[in-house]
Structures are given as C-alpha cells and as structure tokens.
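Below is one structure; the comments refer to it alone.
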Amino acid sequence: MSRIAYVNGAYVPMSEACVHIDDRGYQFADGVYEGVSVRRGKLIDLEPHLDRLWRSLGELQMMAPMDRGPMRLVLKEVVRRNRIKDGFLYLQITRGVAPRDHPFPAQTPWPAMVVTAKRLNFDAVMDRAMTQGVAGSSQPDIRWGRCDVKSTSLLPNILAKQAAREAGAFEAIMVDRDGYVTEGSSTNIWMVTKDGTLVTRSTDDNILPGITRASVMKVARDLQMKVEERAFTLEEAKGAAEMFLTSSTSCAMPIVSLDGQKIGDGTPGPVAKRLVEAYKAFMDA
Ligand code: PDD
C-alpha cells in the first residue's frame, strides 16, 4: 500500500505529493512544523502540539491554513488512511508561494500545508530505553536566538546530529558558549543528580518547549520526583547519576555515555527506567 500524504487540501499518494518550487518553505525554510507520536492509533498530546503550532505561527506572523477543528480531522484522517497504529505524524506549514524575495510578500499567499505519517515501533523504542539507552556526543550549539519557535530551518541541528552520528553517538548534546547544555539536536536533555533530582533547562532559555518534556515532567512529579528547571554545564552532566533525553519519537531515552565517558554505571538507570514505564502507561492510557 502506498503511503498517503495530505497536500494543500487533497489526500494523494506519496509519489504524486509535491509542492511549488517558489514555496517559501523550499526557498527560505520559512515555515513551521510539528511531529506527533501515534500510539495504538491515538495522537499523543495532540492539543499541546496544536497550541505550540499556533504559537510558532503567531511568532512568525503566519496564518493558519485552517482552524483547529478541521486540522484535527485532517491529522486523524492521515493516520487512518495510512493505517498507522504506532507511528509518527509530521505536519508542516509554510508561508506559501511567492516570487523569491526576502521580506514577507506584499500580498499574503495562502500558507501551504503538508501532512505525512509513517510507522514507528514504540515497543522497540521503549525496549531499547529499558535495556540499552543511547550514546550522546557534545556539539557546539550554533543556532539562532529563537529556538522556541519550531521552525523548519534545521540546518544547525542537522549538522550537529550528523557530527554526533560520525562520532558514533545517537544524539548531539548541544552546548552553548558558556559551557551549558541547551538541548539535543531534536530532543530535550535531562540529568539526574546524585541525590535523585531531575534537572532540565528552562523553556525560557532559548530551547524548544518539548511536548514530551512537559508530559515527562508531569509524570515525574506524579511519582513524587523532584524536578528543577535550570541550566547545567556539560561537566555537571558528565558527573551526573543519570542522563536521559525526551522527544516525540524517543519518549524518555537514557543517555548512557557522553563523549565516550560512561554516565553512572553506563546502563539505563533506575530513575530513567521508572520514567520510561510511567510514560508508556501515560501513552497507553
Ligand atoms: N523534534 N528539541 C528540538 C530541537 C526538537 O526538534 C524536538 C522535537 C524536541 C522535542 O520536542 P517534542 O517532545 O515536542 O517532540 C526538542 C522532533 C521529534 C523532530 O524534529 O522530528
């Protein structure tokens, strides 16, 4: 069965899905996106994802191509048509088509919207989280000052992720000029101190406000865990009891080594494992 994409009002086979070459998303990465996990056919945290999408659009003075009600229907229809049980839904909105020129077009074009979905085996992701975890590689954070906007301009993230992969790691742990961890190239980063406190950078501090981050934080607080939102240095992270990352595709995933150095004993730690199980229960609820 061919995958089906939603493109500007129509559901089309992937092989026929295309956008205009003068689309500002193609020309300038002038667009925003969301990635939503799908578990047992259900879109996880859909409303917070839509809240974040509307915020990103507002910050870039872009229009939404439709209201939230129809948008929910389109997203669910893409999941249904692709027969996704466990998977990942991608939604992108760009400023639309206009002759190439940097400022916003004088006549506001209709925004272009694309939605795709693919399978993702969350049982395998959670199995990896419980048994193996992943390696991290520190990389300089060379991004701009508006990382709170979920923009499709991801070149610095791509370069960081690629450098991490070339170093044999799963994720780039991005570090600012002062030596503080910001976030992963496509994830939020956490550490667990020796006294069991969870620490993750504040979303007021030029990072993406991760939806999984927020849900994991709630799950942690429900488990009576102590959570602190503050910046921490790479050195502090390397000396932590545990580290983990969160994202829609990785859930909560232990980081068991950083720059080749073991974190804790180099295996998924007890705090992260409790969170993986609790987050799984949240997804399955
Ligand atoms: N990435 N930080 C960055 C820079 C991200 O790109 C993402 C998401 C996150 C985690 O956010 P959330 O929990 O809402 O997925 C943090 C998605 C998965 C992506 O780019 O594919």
Side-chain angles (χ1 to χ4, degrees), residues 25 29 31-39 43-56 59 75 86-94 114-122 125-126 129 134 136-165 170-176 180-191 198 200-220 229 231 243-253 255 275-276 279-280 282-283:
V32 298
Y33 75 106
E34 280 297 323
V36 186
S37 47
V38 184
R39 175 71 168 167
L43 287 156
I44 302 298
D45 276 334
L46 177 58
E47 296 310 315
H49 278 286
L50 292 180
D51 290 344
R52 186 172 66 183
L53 176 65
W54 253 260
R55 180 177 179 280
S56 294
E59 293 300 307
L75 302 183
D86 278 22
F88 184 67
L89 180 108
Y90 178 78
L91 153 67
Q92 175 179 303
I93 298 172
T94 60
V114 168
V115 186
T116 58
K118 63 178 182 186
R119 282 174 221 289
L120 198 164
N121 184 344
F122 279 112
V125 171
M126 282 178 287
V134 297
S137 163
S138 63
Q139 300 293 335
D141 191 341
I142 59 167
R143 298 173 304 160
W144 66 329
R146 291 305 310 271
C147 299
D148 57 308
V149 175
K150 199 159 172 61
S151 153
T152 55
S153 303
L154 289 172
L155 207 40
N157 307 58
I158 289 166
L159 295 177
K161 182 84 89 184
Q162 181 61 23
R165 291 291 164 92
F170 173 79
E171 177 60 307
I173 315 293
M174 299 200 286
V175 182
D176 67 18
Y180 287 90
V181 171
T182 54
E183 60 187 319
S185 65
S186 62
T187 60
N188 290 111
I189 304 295
W190 303 62
M191 65 166 199
L198 274 60
T200 193
R201 192 177 172 102
S202 162
T203 53
D204 297 334
D205 208 356
N206 198 32
I207 60 165
L208 186 79
I211 303 300
T212 320
R213 176 190 178 282
S215 288
V216 166
M217 193 172 287
K218 180 171 185 314
V219 158
E229 290 181 82
M243 282 183 78
F244 63 94
L245 55 82
T246 53
S247 80
S248 302
T249 49
S250 294
C251 304
M253 177 65 72
I255 299 168
L275 288 171
V276 173
Y279 186 74
K280 180 172 188 282
F282 160 78
M283 283 180 106

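Note that ligands are numbered from 1 as they come in the structure, with each ligand's atoms numbered from 1 the same way.
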Point to revise | Protein residue, atom and distance nearest to atom 21 (O) of ligand 1, heavy-atom basis | key: Phe88 CZ, 4.0 Å
Check your understanding: Quick one: nearest non-hydrogen protein atom to atom 10 (C) of ligand 1, plus distance?
Key -> Asn188 OD1, 3.7 Å
Output yes when a side-chain donor or acceptor of [X] lies under 3.5 Å from a complementary backbone atom of [Y], and no otherwise.
X	Y	result
Ser138	Ile173	no
Arg52	Pro209	yes
Ser153	Ala29	yes
Arg119	Asp86	no

Review point. Is it true that the side chains of Gln139 and Ser137 contain a donor and an acceptor less than 3.5 Å apart?
Key: yes
Exercise for review: Would you kindly say whether Asn188 and Thr200 are connected by a side-chain donor-acceptor distance under 3.5 Å?
Suggested key: no
Practice item. Specify side chain, backbone, both or neither for Thr187, according to which of its non-hydrogen atoms lie closer than 4.0 Å to ligand 1. Key: backbone
With a cut-off of 4.0 Å, which atoms of ligand 1 are near a heavy atom of [X]?
X	value
Ser185	4 (C)
Arg52	11 (O), 14 (O)
Glu183	2 (N), 3 (C), 4 (C), 16 (C)
Ile211	12 (P), 13 (O), 14 (O)
Ser248	12 (P), 13 (O), 14 (O), 15 (O)
Leu208	2 (N), 3 (C), 5 (C), 7 (C), 9 (C), 11 (O), 16 (C)
Gly210	11 (O), 12 (P), 13 (O), 14 (O)

Point to revise | Phe244 vs Val216 side-chain heavy atoms within contact, under 4.5 Å | key: yes
Check your understanding: Is there at least one pair of N or O atoms, one from Thr212 and one from ligand 1, spaced under 3.5 Å apart?
Key -> yes
**Study point:** From the candidates Gly184, Ser151, Ser186, the one that places a heavy atom nearest atom 9 (C) of ligand 1
**Key:** Ser186
Revision key, fill the gap. Test salt bridge (Lys or Arg N to Asp or Glu O under 4.0 Å), reference Arg201, set Asp141, Asp148, Asp176, output is Asp176
Check your understanding: Does ligand 1 have an atom that lies less than 4.0 angstrom from a heavy atom of Tyr33?
Key -> yes
Check your understanding: Can you tell me if Lys150 has a non-hydrogen atom under 4.0 Å from ligand 1?
Key -> yes
Review point. When you look at OH of Tyr180, are more than 12 heavy atoms from neighbouring residues, nucleotides or ligands closer to it than 6.0 Å?
Key: no
